[in-house]
Amino acid sequence: QLDVLREQSNVLASQSELLEALVDELRRKTTAAPSDHGGGSPLPRRRMKISVDGAPSQGAVSAPVTIIVFSDFPCPHCATMAPVLERVVRTYPNQVRVVFKHCPTPSHARALDAHKTSAAASIQGRFWEMHDFLFAHQDNLATTDLRQHAGMLGLNLEQYDEDILSSE
């Protein structure tokens, strides 16, 4: 398990480096003179078709850069990355869009319940508040804790209970 944690730590470090390069590139482009086209980009230009329809997102839908994040609420590495991505969107709201994709992993005991809770919050328009809350309270992801989190965020608990049990 230590090897897995080391590997995850390395992945997180490389993701942070990539995001910093992205921020630097965006900073250069936004401060460059109109006649300066910036030349080549140090970032790899890989394109994959991943549907983001209906997925929670932050930033402008028309942003030229979309970061699709596959994340798991009980994961400490994902929790570390969440504020970095939030800062990037806050700094470049019209240039970067972050799309959240649910990726509950079996190695995290309460992952599926946490993701169902965020999906139920999303139906009530409160995904990002629940997202932040779940990452901030990773030690309290038992079913009763999750329902309490929903109540504390002001969700309609009757609808929440129905949505949690829904196959969607």
Side-chain angles (χ1 to χ4, degrees), residues 1-23 43-59 63 65-91 96-157 159-168:
Q1 199 172 37
L2 187 56
D3 290 337
V4 170
L5 290 175
R6 281 189 189 126
E7 186 175 332
Q8 286 178 340
S9 180
N10 290 338
V11 168
L12 182 61
S14 67
Q15 288 174 341
S16 292
E17 289 172 14
L18 182 60
L19 282 173
E20 289 300 322
L22 174 64
V23 168
L43 299 176
R45 295 193 180 262
R46 291 185 231 156
R47 294 184 189 256
M48 296 179 69
K49 294 214 179 230
I50 299 172
S51 175
V52 296
D53 295 342
S57 68
Q58 292 180 316
V65 175
T66 298
I67 300 171
I68 301 173
V69 180
F70 293 83
S71 195
D72 190 14
F73 292 115
C75 172
H77 302 293
C78 295
T80 301
M81 200 63 189
V84 173
L85 293 167
E86 183 181 342
R87 186 182 74 209
V88 170
V89 171
R90 193 173 50 246
T91 305
V96 177
R97 177 182 183 204
V98 171
V99 177
F100 184 92
K101 297 295 261 183
H102 295 277
C103 191
T105 57
S107 63
H108 296 128
R110 303 284 185 199
L112 190 56
D113 290 339
H115 285 275
K116 285 182 179 183
T117 294
S118 71
S122 184
I123 291 169
Q124 295 187 43
R126 306 292 299 274
F127 173 81
W128 292 104
E129 293 95 329
M130 184 60 77
H131 165 277
D132 296 345
F133 200 89
L134 292 172
F135 278 132
H137 297 89
Q138 289 182 317
D139 293 337
N140 299 340
L141 299 179
T143 304
T144 54
D145 294 330
L146 294 172
R147 192 171 191 283
Q148 285 178 333
H149 297 335
M152 289 171 52
L153 289 178
L155 298 183
N156 175 323
L157 291 179
Q159 182 180 347
Y160 169 85
D161 291 338
E162 288 176 24
D163 293 337
I164 287 295
L165 297 175
S166 169
S167 62
E168 290 182 42

So, F73 versus F100, ring centres under 6.0 angstrom or not?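 Under 6.0 Å, so yes.
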Find the distance between [atom1] ([X]) and [atom2] ([Y]) and round it off to the nearest 0.5 Å.
| X | Y | atom1 | atom2 | answer |
| --- | --- | --- | --- | --- |
| L155 | R126 | CG | CZ | 6.0 Å |
| Q148 | T143 | CD | OG1 | 11.5 Å |
| T144 | L146 | OG1 | CG | 8.0 Å |

Which atom pair, heavy atoms only, marks the closest approach of [X] to [Y]?
| X | Y | result |
| --- | --- | --- |
| S71 | H115 | O-CE1, 3.2 Å |
| Q138 | A79 | NE2-CB, 3.5 Å |
| L141 | D145 | N-OD2, 4.0 Å |
| K101 | A55 | CD-CB, 4.1 Å |

Looking only at the side chains, is there a donor atom on one of T80 and H77 sitting less than 3.5 Å from an acceptor on the other? no
Examine the side chains of D72 and H102 and answer whether a donor and an acceptor come within less than 3.5 Å of each other. no
Would the distance check show the side chain of [X] and the main-chain N or O of [Y] forming a donor-acceptor pair, the cut-off being under 3.5 Å?
| X | Y | answer |
| --- | --- | --- |
| S122 | S118 | no |
| W128 | S57 | yes |
| E129 | L153 | no |
| H149 | H137 | no |
| Q124 | N156 | yes |
| S166 | E162 | no |

Salt bridge check: are R147 and D161 linked by an N-O gap of less than 4.0 Å? yes
Could you go through D163 and Q159, starting from their C-alpha distance and side-chain angles, then the distance that decides it, and tell me whether this counts as side chain to side chain contact (heavy atoms under 4.5 Å, CB included)? CA-CA 6 Å; D163 293 337; Q159 182 180 347; 3.3 Å; yes
